[in-house]
Amino acid sequence: MIDFRNINTVWASVFVETLAQLGLKTAIVCPGSRSTPLTIAFAQHSSIETIPILDERSASFFALGIAKKSGIPTALVCTSGTAGANFYPAIIEAKESRVPLLILTADRPPELRDCHAGQTIDQVKLYGTYPNWQTELTVPSLDLKLLRYLRQTLIYAWERSQFPIPGVVHLNIPFRDPLHPIYQSETEDLKAIFPNDFFDPITPLKSSLFYSFNLSNYLKQWYNYSQGIIIAGVAQPQNAEGYCQAIAHLSQHLNYPVLAEGLSPIRNYSNLNPYLISTYDLILRNPTLAEKLAPQVVIQIGDLPTSKTLRNWLEQKQPDYFILDPSYQNLDGLHGKTTHLRIPIEQLSEEIHHQEDTDTLNLTGSQFYCHLWCELEAKLKTVINQEFEAINLLIEPKVAWLLPQILPQNTPIFIANSMPVRDVEFFWSPNLLNIQPFFNRGANGIDGTLSTALGIAHHHQQSSILLTGDLALLHDTNGFLLRNQFIGHLTIILINNNGGGIFEMLPISQFNPPFEDYFATPQNINFDQLAATYKIEYEKILSWEQLKQRLNPLPDSGIRILEIQTNRKIDAKWRQKYLQQFADELNF
């Protein structure tokens, strides 16, 4: 358990054993000299999966994916110098999307700083305000009091990575030479007196902190609105089914429709909620309906959906607004008449259970309003389905419509930023597949797309999917270096339109030059050859029927690319035409 070979091995093994006792399951280690004691301690520990990864940026997003899937912190280790700076994009995403990470940057001791000792930068508070908590540890010592300090600091770090809100903890860890595990006789005295119960009791933190108030008062208030909606925004809950059931319970109790973002499990548990609305973005493009459907109250669960149409509508109508989320963060990007209820939706659902036997409700007005939403949803889904079924040409929007009809049950899917997340919001249809979507919508960047998807798929019981465009994949091709460490299967559905399709939807697309070179930025990459370089399986998709055959069933192991080549400008023209045409066909 404790490696008594020298001062550093004692310190590092106490460090790693403490984290193991707390519940750490995975450590991602990047190569380097100064981090040698930590690398050895993690590599020797039998209960922690320790994975070596060359590229620090790819490693950090792989760790992000693992932590996103599991909900418990993943440790990320690097050497001194600029190595830790490459973690920064993933740290930003982890903070913004509330994912627990333990960042462990090895460093030179204080006497070797600010003297051109080499591979040394100022690593204290390297990540600014993004960590939940950050500190520098003292230099390793055999003093039992300092070993207790190390233990308790790690317990606190573990807690701060998860409560009151999940996020990043950064520990800067200086080491003196010798870094390699040669014997030092002074460890013998400590070995003779080291307490057998040093790690007792260390238990993972299991309780959460919620704000306490009388929920029944809010429920009574919501009963009085005749036009109320529930917005289920982007969400990656650990218990997806329980989360969906709780929202459905609130919806049916109040007779409020649920406007469910595609980047939420709600649409994939459609049997739970009869008031599920997936086409809200298209409905609200009809100005007559947008006015008629103006809500008196909105209950938002988690973050807002991606839809700019929805955001503009809410900002214009200024309804009474309630946000349910257990964090202390301000989630009101619209700056409306907002009340934050710092609780999870599951807790509110329990409160409703307690009241249902005693409440007598008259919700006739809300029933009419809810029925109107559901009627529009049904009509629009019919129109969309008819349009897509008639399309044989390979166009990007049809991919998001087709996937929820053909994927195997419970398939995890990581959805890349830019156009894929938007097409999913527009066209991902309600289904019974129990799919859990994953995404990096904290900072909304394309950084680390492949590595994050591999982290989510690693050791996953189900074969996984990545839906991505060509630029997002190219931005993280070093993620393919993970192939020898990866356990599981990932199918990459690559929509290759040779550039940034999302920019075609913006006004700048009308100005060329400089549009094509500076915004669309086509790369003209042969992905068959790229796949061969990394020994990744590749297949070009030529028809929708071929895609269906390749996605069900999915392979059990390995990584493969299914490339769908589309025309970026045709994709954009199709969206510009049909997004509005669908809305205009709703005549009520």
Side-chain angles (χ1 to χ4, degrees), residues 261-264 267-268 278-279 281-282 306-307 381 383-408 411-431 433 435-439 441 446 449-450 453 457 463-474 490-505 527 538-554 559-579 582:
E261 155 76 61
L263 301 182
S264 161
R267 296 193 196 181
N268 306 313
S278 64
T279 57
D281 182 278
L282 303 177
T306 307
S307 169
K381 280 166 53 180
V383 173
I384 292 171
N385 290 342
Q386 290 173 347
E387 179 62 35
F388 275 126
E389 285 167 359
I391 294 175
N392 293 318
L393 179 69
L394 294 178
I395 63 168
E396 183 175 11
K398 184 167 178 175
V399 178
W401 173 82
L402 187 62
L403 290 181
Q405 302 175 54
I406 62 175
L407 289 178
T411 301
I413 180 168
F414 186 87
I415 302 163
N417 283 320
S418 295
M419 277 320 303
V421 296
R422 287 164 173 83
D423 279 338
V424 163
E425 181 168 32
F426 296 149
F427 303 120
W428 189 277
S429 56
N431 61 80
L433 295 181
I435 288 171
Q436 171 69 70
F438 293 94
F439 41 85
R441 292 300 287 172
I446 63 170
T449 295
L450 173 61
S463 297
S464 302
I465 295 286
L466 165 61
L467 176 61
T468 182
D470 52 308
L471 295 190
L473 185 64
L474 289 171
L490 180 68
T491 287
I492 301 165
I493 302 174
L494 167 62
I495 300 173
N496 181 10
N497 54 22
N498 198 25
I502 192 170
F503 293 106
E504 296 282 355
M505 306 298 291
F527 282 95
Y538 168 89
E539 183 175 353
K540 185 176 181 180
I541 299 299
L542 301 175
S543 70
W544 296 115
E545 187 60 35
Q546 181 189 1
L547 180 64
K548 293 177 184 178
Q549 293 173 0
R550 297 301 181 268
L551 293 181
N552 199 342
L554 291 167
I559 304 170
R560 67 170 176 170
I561 297 173
L562 302 180
E563 181 183 9
I564 304 171
Q565 291 186 354
T566 73
N567 184 298
R568 177 167 22 102
K569 297 192 180 299
I570 290 176
D571 291 342
K573 288 179 180 177
W574 189 94
R575 290 190 194 94
Q576 289 164 354
K577 176 182 177 181
Y578 282 98
L579 287 176
F582 289 150

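Keep in mind that this is a model prediction, so the values were computed, not measured.
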> Within a reach of under 6.0 Å around CZ of F503, are more than 12 heavy atoms found that belong to other residues, nucleotides or ligands?
Replying inline: no

> Nearest heavy-atom pair of N431 and P404: which atoms, and what distance?
Replying inline: ND2-CB, 3.4 Å

> Where is the tightest heavy-atom contact between T449 and A416, given as atom of each residue plus distance?
Replying inline: CG2-CB, 3.8 Å

>> Would you say that P412 contacts F438 through its side chain, given a criterion of any heavy-atom pair below 4.5 Å between the two side chains?
In response: yes

> Minimum heavy-atom separation for F426 to L282, with atom names?
Replying inline: O-CD1, 4.3 Å

>> I need the S418 OG to I495 CD1 distance, nearest 0.5 Å.
In response: 11.5 Å

>> Using only atom types and a distance under 3.5 Å, with no angle test, would you say the side chain of N552 pairs donor to acceptor with the backbone of I406?
In response: yes

>> Between F439 and P420, is there a side-chain heavy-atom distance shorter than 4.5 Å?
In response: no

> Can you name the closest pair of heavy atoms from F388 and K398 and give their distance?
Replying inline: O-NZ, 2.9 Å

> Would you say L393 and I570 make side-chain contact, with heavy atoms under 4.5 Å?
Replying inline: yes

> Hey, does the side chain of R267 reach the backbone of W428 with a donor-acceptor pair shorter than 3.5 angstrom?
Replying inline: yes

> Measuring from Q436:CD to T411:OG1, what's the distance to the nearest 0.5 Å?
Replying inline: 12.0 Å

> Taking C-beta and beyond as the side chain, do S543 and K548 meet within less than 4.5 Å on heavy atoms?
Replying inline: no

>> Quick check: do L551 and I465 have side-chain heavy atoms less than 4.5 Å from each other?
In response: yes

>> I'd like to know if the side chain of D470 and the backbone of G499 have a donor-acceptor N/O pair within less than 3.5 Å.
In response: yes

>> For W574 together with F427, are the ring centres under 6.0 Å from each other?
In response: yes

>> Working note: E261 + T306, criterion side chain to side chain contact (heavy atoms under 4.5 Å, CB included); need CA distance, chi angles, decisive distance, verdict.
In response: CA-CA 7 Å; E261 155 76 61; T306 307; 3.2 Å; yes

> How many angstroms lie between atom CG of N496 and atom CG of L471, to the nearest 0.5 angstrom?
Replying inline: 9.0 Å

>> Using a 3.5 Å distance criterion without hydrogens, assess whether the side chain of Q546 forms a donor-acceptor pair with backbone atoms of K540.
In response: yes

>> Is the shortest side-chain heavy-atom distance between F527 and L473 below 4.5 Å?
In response: yes

> Would W401 and E389 count as a side chain to side chain contact (heavy atoms under 4.5 Å, CB included) if you check the C-alpha gap in whole Å, the side-chain angles of each, and the deciding distance to 0.1 Å?
Replying inline: CA-CA 10 Å; W401 173 82; E389 285 167 359; 3.7 Å; yes

>> A side-chain contact here means heavy atoms from C-beta on lying under 4.5 Å apart; do I492 and L450 qualify?
In response: yes

> Are any of the side-chain heavy atoms of T491 and S463 separated by less than 4.5 Å?
Replying inline: no

>> Restricting to non-hydrogen atoms, name the atom on N567 and the atom on N497 that form the minimum distance, rounded to 0.1 Å.
In response: C-CB, 4.5 Å

> What's the spacing between S429 OG and K381 NZ if we round to 0.5 Å?
Replying inline: 7.5 Å

>> To the closest 0.5 Å, what do you measure between CH2 (W544) and CG (L394)?
In response: 5.0 Å

> Which pair of non-hydrogen atoms, one from G501 and one from M419, has the smallest distance, and what is that distance?
Replying inline: C-CG, 3.7 Å

>> If we ignore hydrogens and angles and just use 3.5 Å, is the side chain of D281 paired with the main-chain N or O of S307 as donor and acceptor?
In response: no

> In this structure, which one of L467, V424, T566 forms a side chain to side chain contact (heavy atoms under 4.5 Å, CB included) with V399?
Replying inline: L467

>> I need the R550 CZ to E545 CD distance, nearest 0.5 Å.
In response: 10.0 Å

> Under the salt bridge (Lys or Arg N to Asp or Glu O under 4.0 Å) test, which residues partner R568, sequence neighbours left out?
Replying inline: E504, E516

